[in-house]
Amino acid sequence: MEDINQPTRPDEISFFSYLHSLARTPHRLRKRMLATWTPDQELNQLRLRSGANMKRKLMWYDLVALGVGGMLGAGVFVTTGRVARSNSGPSVFLSYIIAGVSALLSSLCYTEFSVQIPVAGGAFSYLRVTFGEFVGYFAGANILMEYVLSNAAVARSFTEYLCCVFGENDPNSWRVEVNGLVKGYNMLDFPAVALVILLTLCLCHSTKESSMINLVMTVFHVIFFGFIIIAGFCNGSSENLVKPGGLAPYGVKGVLDGAAIVYFSYIGYDSVSTLAEEIKNPSKSLPVGIVGSVLIVSVLYCLMALALCMMVPYDKISDSASFSIAFQTKGWKWAGNVVGAGASLGIIASLLVAMLGQARYLCVIGRARLVPSWFAKVHPSTGTPLNATITLGVCQATIALFTELNIVIEMISIGTLLVFYLVANALIYRRYVISNNNLPLHTLLYLFILSCISLGLSLLWKLNQQWWSMVLCGVSMIIVTAIFQYIVPCVPRSSEWSVPFMPWPAAISIFLNVFLMTTLPKLSYQRFGIWACLITLFYVLYGVHSTYQGEDLEEASVDGVTLNSSNQTKVEIQVH
């Protein structure tokens, strides 16, 4: 039993009081880790903690443009050349198809959640109302890591393409080398920092105006894409798709390894779900914006990858600014400059969207008191999360100044895949247990078995085991899913958009995310493990105490008496 009679504000806790709280960490972890909120509390009570409301000005076409703009600039210009040369060869377009299918299935899961819980927290909110506070926090922290690192990486690639616009062949020509720093962190990129600062200031001003800027840039960017695709097909040769080593010189394994890396290209569609509080008609606009943007981008990625591999043999594709240099090798130096300008424009659009999303994630995590509530404040005149936007802008500008692209890109993929895996699990649990009042045991057992089979099949593939063992795992997965569908009833809501043919789309999404994660190198897991330990430590030392005492304070202010916070944290989600 907690012996604090009067709840204390987290910002008023003295050092000795904090030490006293640390002694009660196990008790508070038991109360808070699995604590859940209802969607109604997320939509109303939690949102009030930001002070002012975000302004609802966005339409469905804004969401499509934001989704397309958020994905196009980052992926095809940053990862295609690297993956084609080192992993997939000319079959890099197949890697994009596999990653696109996985992203589409994940986007369906996001869409159902975003329609039912239209708040700015995205996956953080979806997992918090389903699996509890710690799972939501862990996913939210990984999403923030993904956004900050990917934005820093994309900002550095902006400098490389900007060099091509002005005819510079060396991608490091606008960077400053510092001899005293470690290799990989010694090329200072000031243009990338300037871009991040400029976009941060723009996003602090207004979401709607930022959306209109993105819409204009995305239209021009798609036109550039059309030019590259047509020029690539007209000036390329189909022989480059089969020479020098065939369509898949690294085999099927190379194609799948490449799919895990190019999944970085699809980071951005989840940003659309974080704009739910700023959409005029979220139940109709969100499905169009999320699913539509993923489909459009998947088609463009495949065509762009084919165009690149037709212009240049895969073993001669440049790792940096690959499209611009490909045109230069064909004698189209002017086209290389045009492509550099188009790529730079697309990268600006993708950064704009990603920075929109990251600030809203941090804002909602601040509302939940898992980070200081200062981050949750929304400016009353602009309707934007000003503090969160500025803080994250400073963080990614700092990383973009020092860190090379290849250091962060694989760590981004593992964090993204893990969060999408958790969202797919949460959708099945929410649909079958919470919405249909079934006992949780059957669903949890199914999710555990499905994950184990997916992991087993993925490891068998990675270890090059006999094909019959992999077929056996695949058949087992199908049988288990069919049995679950037959035993556990599920009646979808007729009044809201929902994923069809459940649980199959979410089950396939779980398998693909696990499969793609196992293709990543060991170093990715080592870096991710360090990050996971750090954010868990932060939760134990700060987050759990902040939320525990915060809920005590809120209940005392509502009821006029001090209550045990466990009464509030035991809320069960039963929404019909």
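- No donor-acceptor pair under 3.5 Å is formed between the side chain of Arg367 and the backbone N or O of Phe375.
- Less than 6.0 angstrom separates the ring centroid of Phe484 from the ring centroid of Tyr432.
- Annotation for Val423 and Phe113: closest pair O-CE1, 3.7 Å, computed over non-hydrogen atoms.
- The closest side-chain heavy-atom distance from Asn142 to Trp531 is below 4.5 Å.
- Residues Thr25 and His545 form a side-chain contact, since some pair of their non-hydrogen atoms from C-beta on lies under 4.5 Å apart.
- When ring centroids are compared, Tyr110 and Phe420 come within the 6.0 Å threshold.
- Using modelled atom types and a 3.5 Å distance limit, the side chains of Thr391 and Asn387 yield no donor-acceptor pair.
- When atom types are taken as modelled, the side chain of Ser107 and the backbone of Leu104 share a donor-acceptor pair closer than 3.5 angstrom.
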Fill in: Test log, rule side chain to side chain contact (heavy atoms under 4.5 Å, CB included), inputs Leu63 and Ile290
CA-CA 7 Å; Leu63 300 186; Ile290 296 176; over 6 Å; no
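- Using a 4.5 Å heavy-atom threshold, the side chains of Phe131 and Leu34 count as separate.
- Interatomic distance, CD of Gln358 versus CD of Gln396, reported as 4.5 Å (0.5 Å rounding).
- Atom CG in Leu127 sits 13.0 Å away from atom OH in Tyr429 (nearest 0.5 Å).
- To the nearest 0.5 Å, atoms SG (Cys395) and CG (Asn151) are separated by 11.5 Å.
- Checking side-chain atoms of Thr200 against main-chain N and O of Val196 turns up a donor-acceptor pair under 3.5 Å.
- Side chain of His442 to main chain of Val433: no donor-acceptor pair is present (N/O by atom type, distance under 3.5 Å, no hydrogens or angles).
- Taken from CG in Leu450 to CD1 in Ile508, the straight-line distance is 10.0 Å, to the nearest 0.5 Å.
- Between Ser451 and Tyr421, the side chains place a donor N or O and an acceptor N or O closer than 3.5 Å (distance only, hydrogens not considered).
- Distance alone, capped at 3.5 Å, places no donor-acceptor pair between the Ser106 side chain and the Ala103 backbone.
- The main-chain N or O of Ile510 is never found under 3.5 Å from a side-chain atom of Asn425 such that the two would form a donor-acceptor pair.
- For Ser546 (side chain) and Tyr542 (main-chain N/O), no donor-acceptor pair under 3.5 Å exists by modelled atom type.
- Shown here are the side chain to side chain donor-acceptor pair (under 3.5 Å) partners of Trp374, two or more places apart in sequence or in another chain: there are none.
- Here the closest non-hydrogen pair linking Ser125 and Val364 is OG-CG1, 3.7 Å.
- In this structure, Phe124 has its ring center no closer than 6.0 Å to that of Tyr137.
- Annotation: side chain of Lys377 is not in contact with side chain of Pro385 (no heavy-atom distance under 4.5 Å).
- Gln116 and Tyr126 are not linked by any side-chain donor-acceptor pair at a separation below 3.5 angstrom, with hydrogens and angles left out of the test.
- Here the straight-line distance linking atom OG1 of Thr547 with atom CZ of Arg32 works out to 4.0 Å at 0.5 Å rounding.
- Judged as a side chain to side chain donor-acceptor pair (under 3.5 Å), and not counting sequence neighbours, Thr536 has no contacts.
- Panel note: side chain Arg28, backbone Val544; no donor-acceptor pair is recorded below 3.5 Å.
- Rounding to the nearest 0.5 Å places CD1 of Ile535 at 12.5 Å from CD1 of Ile530.
- Within the structure, salt bridge (Lys or Arg N to Asp or Glu O under 4.0 Å) contacts touching residues 108-117 (residues at least two apart or in different chains) are Glu112-Arg431.
- Side-chain atoms of Thr389 never come within 3.5 Å of backbone atoms of Cys204 as a donor-acceptor pair (strictly under, hydrogens ignored).
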